K.L.:
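Here's a structure for you.
As the structure is a prediction and not an experimental result, all values here were calculated from the model.
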Amino acid sequence: MHESYDEYGAASRLKVTVAAWRWAVASHLVPAADAGPGRWSRAVVLAVDAEAVRAALRGPAAAFWAAERLNEALGEPLPFGRPRVTAAAVGHLVRVGYLTHLGGDADSPDVHPDQVEALARRRDLPALLDRHVPLGPDQSAVRLGVRRVDFDRVVDLGWIAPTGSVEIDYKRQGGVTRVPLYSAEDVALLPVIRPEVDWRELRTVAPGRRSPLSGLTPAPEGRDLVLMTGIGRIAGVGRAAVANWRRRHPDFPAPAGGTDTHPQFDRSAVVAWLLAHDKVTVPSGVPSATLVLRADGAGKELRCRLDDPWLELATDAAADDRLSGWMSDQEAEVLAALATEGEGAAVRRLAAPGTLPLTVLGGARVTDRSRRGGGGLRVTVSWPGALRGHLAPGRAGGQVRHGVPCNAPSPECQCAHQTCGGIVPTPYCPEHGSVAEPVMEWHPGGGIRCAALRGH
C-alpha cells in the first residue's frame, strides 16, 4: 500500500505550517493532489522544497485586515451606497475561490496579504463583491441608499426575496437570531428594474417620514407582470425596440398574461433575459462629481467628492444654480468653512456627469446640510447662475459665454473685446443670443481676452 498524506500530514512531513502548505498548493508551488482528493503521494511530498514552501508564505493576514484593505480600495471615504466589507465577506470570497483559506475560522479566515493586494487592485472589485458577497437587511439598505424601513417595505412588496440566511448570536439581545441574506446584485438592480419608483426621492426622504413606498400594493405571488412599454423603460429603449427583440430572438420570454395587443410578461424572466443579452447591466456604484473650491481672498482650497450628484442649472441669470450630493462629514465641515469666508467660495472646477466642466467666479455657499434617508450627509451648494462659466480643456481662463474689456489695460494688450457683459458669463445676451460662446482666456496684460484673438 502506497503511503499518502493529507494537507496536515504533508505539512508535518516537511516541518512547515499547514498555512504554508495550503498557500504552496494554491500558488502551484507543489503539484496537484495525485493520490485522491486532498491527498498527495509520498514521492510528491518528499520532492517538495520545504524551504521554498516556507519562504512563499507571508503572513497569513487576519480576515478583518483583509476586509479593511478592500474597504480602502473601494475609496476613502466609502462611496455612497457601498456597505463596508466585513470579515464575513472575506469568507465568501474564499468560498468562491478569489482568496485562499490559510487558517482560522472558515467564516472569517486567515488569508495571504499578497493575494488580498492583488484583489484590491482589480478595477472590477465593486462588481465582484456584488456578485459574490450576500448582504443582510441593514447592508442591503446601505447598498440601495435608503433607510432600513424603506428596504423592509421593498421586501414586503415582494420585489426581492432572501437567497439564504445566517445565524447571529446577539448575546446581549436575547441569543441567536436568524438573519436573511440577499443577493447584492439583486439589490443593486432594484432601481433599474423598478423605474416607476422615484429613487432620488426615496434616498433623500427625511428621517422619521413615512416611506414613499407605503402606498404601493404588493403584486400577487407569481403575478409580477410588466407590459412591453415597461420593459422598454427598464432597458432605456422604446416599445418598438422591445417588439423587435421579441420578433428576432426565439428565447425572448413568452407572455404570461394580457392580450395579443397588450401582452404582459413575467418581470423576473424579462430581467434575466435582458441581463443575459447585455441589454441592462448591474450598476456597481453611484456616479460622483469632483468639486474644487477656493475661498475668496483666503487662498484656501478644497478638492472633494460628491456621490450621486444632482446639478440644477438656472435658466434665469437672476436665479441660483444648485449642486447637491453625498459627502463625508469631514469634507462637509471644510466646505462649509470655505464657503462662509468673504463673499463665498469660487468654484475652480466642477466635473459632474452630463455636463461640461464648470467654473464659478464666486458666491458659492452651502445652503443645506442634513442627514437623509440613506444615513449619509447630503450637502447642497448654491451660487448665482450669472457667475457660471464652462472650462475649456487646456486653457487656464476657461470658456465663458461673454467676456469684457481688460480690467487692467497695458501697452502690450491691443486686442479687441466683447462689450456686452461683465466678467461674468450670462445665460442670454440680447446682442449675441444664447449660442455665442467665445473661448476666453486670461491675458498677461490683465483681464480676459478672446482666445481667437491670441497674437493681437
K.L.:
Is the shortest distance from a Lys or Arg side-chain nitrogen in Asp224 or Arg194 to a carboxylate oxygen in the other one below 4.0 Å?
P.N.:
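Yes.
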K.L.:
Distance-only, no hydrogens or angles: does the Arg203 side chain make a donor-acceptor pair with backbone N or O of Leu144 under 3.5 Å?
P.N.:
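Here the side-chain-to-backbone pair exists.
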K.L.:
Got a salt bridge between Arg305 and Glu331, using NZ or NE/NH1/NH2 to carboxylate O under 4.0 Å?
P.N.:
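Not counted as a salt bridge, because no side-chain N and carboxylate O are separated by less than 4.0 Å.
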K.L.:
Using a cut-off of 6.0 Å, state whether more than 12 heavy atoms not belonging to Glu301 lie near its atom CD.
P.N.:
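Yes - once you tally the heavy atoms of other residues, nucleotides and ligands closer than 6.0 Å, there are more than 12.
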K.L.:
Kindly indicate whether the side chain of Pro77, heavy atoms from C-beta on, has any atom under 4.5 Å from the side chain of Met327.
P.N.:
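No, side chains not in contact.
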K.L.:
More than 12 heavy atoms of other residues, nucleotides or ligands under 6.0 Å from CZ of Arg365: is that the case?
P.N.:
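Counting neighbours around CZ of Arg365, more than 12 heavy atoms of other residues, nucleotides or ligands fall under 6.0 Å, so yes.
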K.L.:
Within a 6.0 Å radius of atom CD on Glu221, are there more than 12 heavy atoms belonging to other residues, nucleotides or ligands?
P.N.:
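Count not over threshold, so no.
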K.L.:
Let me check something: any side-chain donor-acceptor pairs from residues 156-163 under 3.5 Å, sequence neighbours excluded? List them with distances.
P.N.:
from   : atom 1 : to     : atom 2 : distance (Å)
Thr163 : OG1    : Leu181 : O      : 3.4

K.L.:
Report the relative orientation of the aromatic rings in Trp273 and His249; use parallel for angles under 30°, tilted for 30 to 60°, perpendicular for over 60°.
P.N.:
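Perpendicular: the ring planes of Trp273 and His249 meet at over 60°.
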K.L.:
So, do Leu128 and Leu93 sit near enough that their side-chain heavy atoms are less than 4.5 Å apart?
P.N.:
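They are in contact (side-chain heavy atoms under 4.5 Å apart), so the answer is yes.
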K.L.:
With distance as the sole criterion, is a donor-acceptor pair present between the side chains of Ser165 and Arg178 under 3.5 Å?
P.N.:
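A donor-acceptor contact under 3.5 Å links the two side chains.
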K.L.:
If you measure from OG on Ser27 to CZ on Arg22, what distance do you get to the nearest 0.5 Å?
P.N.:
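Nearest 0.5 Å value for the OG-CZ distance: 14.0 Å.
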K.L.:
Tell me, please, which residues at least two apart from Asp114 pass side-chain contact (heavy atoms from CB on, under 4.5 Å).
P.N.:
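For Asp114, the residues satisfying side-chain contact (heavy atoms from CB on, under 4.5 Å) (neighbours in sequence not counted) are Arg58, His112.
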K.L.:
Could you tell me the separation between the CG atom of Asp321 and the CG atom of Leu313, rounded to the nearest 0.5 Å?
P.N.:
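With rounding to 0.5 Å, CG (Asp321) is 5.0 Å from CG (Leu313).
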K.L.:
So, does Thr340 use its side chain to make a donor-acceptor pair with the main chain of Ala337 at under 3.5 Å?
P.N.:
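Checking the backbone N and O of Ala337 against the side chain of Thr340, a donor-acceptor pair under 3.5 Å is found.
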K.L.:
Closer than 3.5 angstrom, by distance alone: can the side chain of Thr355 be matched with the main-chain N or O of Ala352 as a donor-acceptor pair?
P.N.:
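Between the backbone of Ala352 and the side chain of Thr355 there is no qualifying donor-acceptor contact (under 3.5 Å).
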K.L.:
Is any side-chain N of the basic residue among Arg200 and Asp198 closer than 4.0 Å to the acidic one's carboxylate O?
P.N.:
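So Arg200 does not pair with Asp198 through a salt bridge.
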K.L.:
Rounded to the nearest 0.5 Å, what separates atom CG in Asp110 from atom OG1 in Thr100?
P.N.:
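Answer for the CG-OG1 pair, Asp110 versus Thr100, is 12.5 Å.
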K.L.:
Compare every heavy atom of Ala339 with every heavy atom of Ala364, then report the nearest pair and how far apart it is.
P.N.:
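Answer, listing the atom of Ala364 first, then Ala339: O-CB, 3.5 Å.
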K.L.:
How about Leu302 and Val292: do any of their side-chain heavy atoms sit closer than 4.5 Å?
P.N.:
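Answer no - side chains too far apart.
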K.L.:
Students often mix this up, so state it plainly: with edges at 30° and 60°, are the rings of Phe80 and Trp326 parallel, tilted or perpendicular?
P.N.:
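Rings of Phe80 and Trp326: parallel, under 30°.
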K.L.:
Could you check if a side-chain atom of Pro79 sits within less than 4.5 angstrom of a side-chain atom of Arg82, using non-hydrogen atoms only?
P.N.:
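In contact.
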K.L.:
Answer yes or no: is there an ion pair linking Arg147 with Asp150, defined by an N-O contact shorter than 4.0 Å?
P.N.:
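Counted as a salt bridge, because a side-chain N and a carboxylate O are separated by less than 4.0 Å.
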K.L.:
How close do Ala188 and Asp130 get, heavy atom to heavy atom, and via which atoms?
P.N.:
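Looks like CB-OD2, 4.3 Å.
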K.L.:
Nearest 0.5 Å please: distance from the OH atom of Tyr98 over to the NE2 atom of His92.
P.N.:
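Tyr98 atom OH to His92 atom NE2 measures 14.5 Å (nearest 0.5 Å).
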K.L.:
Taking atom types as modelled and ignoring hydrogens, do the side chains of Ser324 and Arg378 form a donor-acceptor contact shorter than 3.5 angstrom?
P.N.:
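There is such a pair between these side chains.
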K.L.:
Using 0.5 Å steps for rounding, measure from the CG atom of Leu291 to the CZ atom of Arg303.
P.N.:
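Rounded to the nearest 0.5 Å, the CG-CZ separation comes out at 9.5 Å.
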K.L.:
Restricting to non-hydrogen atoms, name the atom on Leu102 and the atom on Trp23 that form the minimum distance, rounded to 0.1 Å.
P.N.:
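It is CD2-N, 3.7 Å.
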K.L.:
Calculate, to the nearest 0.5 Å, the distance between atoms CD and OG1 belonging to Glu68 and Thr86 respectively.
P.N.:
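Rounded to the nearest 0.5 Å, the CD-OG1 separation comes to 10.0 Å.
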K.L.:
Please tabulate, for the side chains in residues 231-243, all donor-acceptor contacts under 3.5 angstrom to protein atoms that are two or more places apart in sequence or on a different chain.
P.N.:
from   : atom 1 : to     : atom 2 : distance (Å)
Arg233 : NH2    : Pro195 : O      : 3.2
Arg239 : NH2    : Thr261 : O      : 3.3

K.L.:
Would you call Arg95 and Asp107 a salt bridge, using N to O less than 4.0 angstrom?
P.N.:
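Looking at Arg95 and Asp107, the cut-off is met.
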